[in-house]
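Values below: all heavy atoms of this structure, side chains included; hydrogens, waters and symmetry mates excluded.
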2 protein chains.
Amino acid sequence: MPDLKVKKTADPNTEAKIKTAARTIFHTKGFAAARTRDIAEEAQINLALLNYYFGSKEKLFQLIMFETLSEFFKNMGAVFNDETTTLENKIQLIAEKYIDMLIAEPEIPFFIMGEIRSHGPELVEKLPSANAILQSVFFKQYKEAINKRKITELNPLHFLMNIMGLVVFPFVNSTMLKKVGKLKDKQFNMLMEERKKLIPIWMNAMLYAK
Amino acid sequence: MPDLKVKKTADPNTEAKIKTAARTIFHTKGFAAARTRDIAEEAQINLALLNYYFGSKEKLFQLIMFETLSEFFKNMGAVFNDETTTLENKIQLIAEKYIDMLIAEPEIPFFIMGEIRSHGPELVEKLPSANAILQSVFFKQYKEAINKRKITELNPLHFLMNIMGLVVFPFVNSTMLKKVGKLKDKQFNMLMEERKKLIPIWMNAMLYAK
DNA sequence: GTCTATATACGGATAGAC
DNA sequence: GTCTATCCGTATATAGAC
């Protein structure tokens with residue numbers, strides 16, 4: 001008689017399902033507002049399995065946070081330190097890659113910033129890439145461009161704030177922007193696509209302004 | 001025999017103290033992570049008094065949220081709709097006023113965006129000013145400037161995203177920026193002061209770029 | 001109005017059957 | 001591995017003394 005699988009056989013995907021669900025819930029609600037029950041429901045598994053596989057809400061969160069951060073910074077390190085591309089190339093690549101990523105997962109920057117605020121700056125310590133940003137090839141090239149054109153030298157952080165502000169901020173504040181502009185998600189994303197081309201132009205204009 | 005006030009006379013400031021404390025706690029932690037005990041401690045009052053005066057955590061939150069939003073948008077409405085100032089004037093005023101406000105209360109934009117995300121867009125409905133932004137004098141002047149100079153017309157939302165990104169984003173992401181730039185609060189605020197002058201220059205350059 | 005003590009609800013976690 | 005039932009800490013809220 002064949003095994004009809006009438007009863008609970010192990011689901012090989014349970015662990016993965018929980019992780020995917022946890023990612024979604026944590027990203028959208030943040031650690032404090034996320035409930036393990038939300039995650040269990042999203043994953044369509046029993047609540048007890050969350051603890052069985054991951055020990056605790058806290059441990060599961062640490063895992064998701066670690067993966068999210070690695071993912072968020074890994075692609076960027078390569079662009080920032082590529083010796084073969086120009087400053088202008090890099091600006092364009094950063095705009096394109098970040099915007100693509102943010103269209104795919106728009107909740108990530110808010111999630112990261114929120115958890116950095118609440119869990120304190122210890123979290124930032126764990127970002128190897130973060131500390132080295134100002135020493136990257138990207139910023140060396142920025143300084144060269146400034147010197148060459150004999151422009152008043154500003155703290156390079158302004159440059160960093162500007163490109164991040166232009167790229168990331170619309171996603172962080174998307175709810176309000178959609179409301180103000182009466183935009184559907186699709187239209188909003190179209191605007192973001194436009195910005196891939198516009199931001200390099202704007203950044204260039206800012207660089208040599210006045 | 002004089003009244004030595006040995007015992008509990010009514011403190012006329014209790015209500016105000018709770019509100020001030022609630023503001024601080026809600027702004028820094030958000031609704032979900034804020035505990036009524038945190039607020040009571042911050043205000044140095046008995047926990048029960050919070051409910052005595054404000055009914056519930058939820059009601060107290062609604063009050064703080066309403067006041068925060070009104071305050072955040074009221075000054076801006078005046079600037080946006082002033083017929084007597086030019087576009088350039090307004091950009092400068094917005095940068096100055098917003099940055100002053102954000103140096104004084106840096107947690108506000110993150111707080112507002114976070115609660116809009118979690119409490120859903122109903123909250124945005126309650127912003128009378130928000131819906132009218134694109135009809136303001138500020139944006140009329142923006143469109144005139146574009147037409148006059150025969151520049152490719154973009155969705156005005158780009159203009160809004162840009163100025164907000166440049167002004168607000170550094171405050172939203174301040175923890176990471178301080179870390180990356182190894183800045184004390186004081187140094188960070190100095191950079192923000194610099195931006196009051198820089199943002200108008202940059203916005204102008206962006207406006208007529210390419 | 002202010003306090004202490006307590007009720008009530010909720011969320012994270014585990015025991016133990018299957 | 002998966003489920004049900006339950007425990008326990010914590011957080012909001014209230015009852016009632018002063």
Length of the line joining I18(B):CD1 and dA13(D):P, which is rounded to integer Å | 13 Å
Rounded to whole angstroms, how far apart are CZ on F54(A) and C1' on dG1(D)?
-> 14 Å
Answer whether the closest heavy-atom distance between the side chains of V137(B) and Q141(B) falls below 4.5 Å.
-> yes
Nearest-Å distance for atom pair CG/C1', residues N46(B) and dT2(C) = 7 Å
Calculate the interatomic distance between Y52(B) atom OH and dA17(D) atom P; express it in whole Å.
-> 17 Å
Separation of atom CG in L47(A) from atom P in dG12(C), rounded to whole Å = 8 Å
On DNA chain D, more 5' by nearest nucleotide between I45(A) and R37(A) is I45(A)
May I have the distance from L50(A) (atom CG) to dG11(C) (atom P), rounded to whole angstrom?
-> 14 Å
Rounded to the nearest Å, what distance is computed from the CD1 atom of residue I39(A) to the P atom of nucleotide dG11(C)?
-> 13 Å
E58(B) and Q62(B): side-chain donor and acceptor closer than 3.5 Å?
-> yes
How would you label the contact of A34(A) with the nucleic acid (heavy atoms, under 4.0 Å): base, sugar-phosphate, or nothing?
-> sugar-phosphate
Selected nucleotide, minimal atom distance to L49(A) side chain, candidates dT2(C), dG1(D), dT14(D) = dG1(D)
Contact under 4.0 Å: Y53(B) side-chain N or O vs dT2(C) OP1/OP2 | yes
Expressed in angstrom and rounded to an integer, what is the separation of K59(A) atom NZ from dG12(C) atom P?
-> 15 Å
dG1(D) phosphate, OP1 or OP2: any side-chain N/O from T14(A) under 4.0 angstrom?
-> no
Considering only NZ, NE, NH1 and NH2 on the basic side and carboxylate oxygens on the acidic side, decide whether E67(A) and K19(A) come within less than 4.0 Å.
-> yes
Quick one: sort the F111(B) and H27(B) rings into parallel, tilted or perpendicular, breaks at 30° and 60°.
-> tilted
Selection from dG1(C), dA15(D), dA13(D) that lies nearest to any side-chain heavy atom of N51(B) = dA13(D)
Should the pair K57(B) and F26(B) be classed as cation-pi, given the thresholds of under 6.0 Å to the six-membered ring centre and 45° from the axis?
-> no
Does a distance-only test, which skips hydrogens and angles, find a donor-acceptor pair under 3.5 Å between the side chain of R35(A) and the base of dG12(C)?
-> no
Where the side chain of A48(B) is concerned, which of dA13(D), dC3(C), dG1(C) is the nearest nucleotide?
-> dC3(C)
The nucleotide from dG1(D), dA13(D), dT14(C) with an atom nearest the side chain of S56(B) is dA13(D)
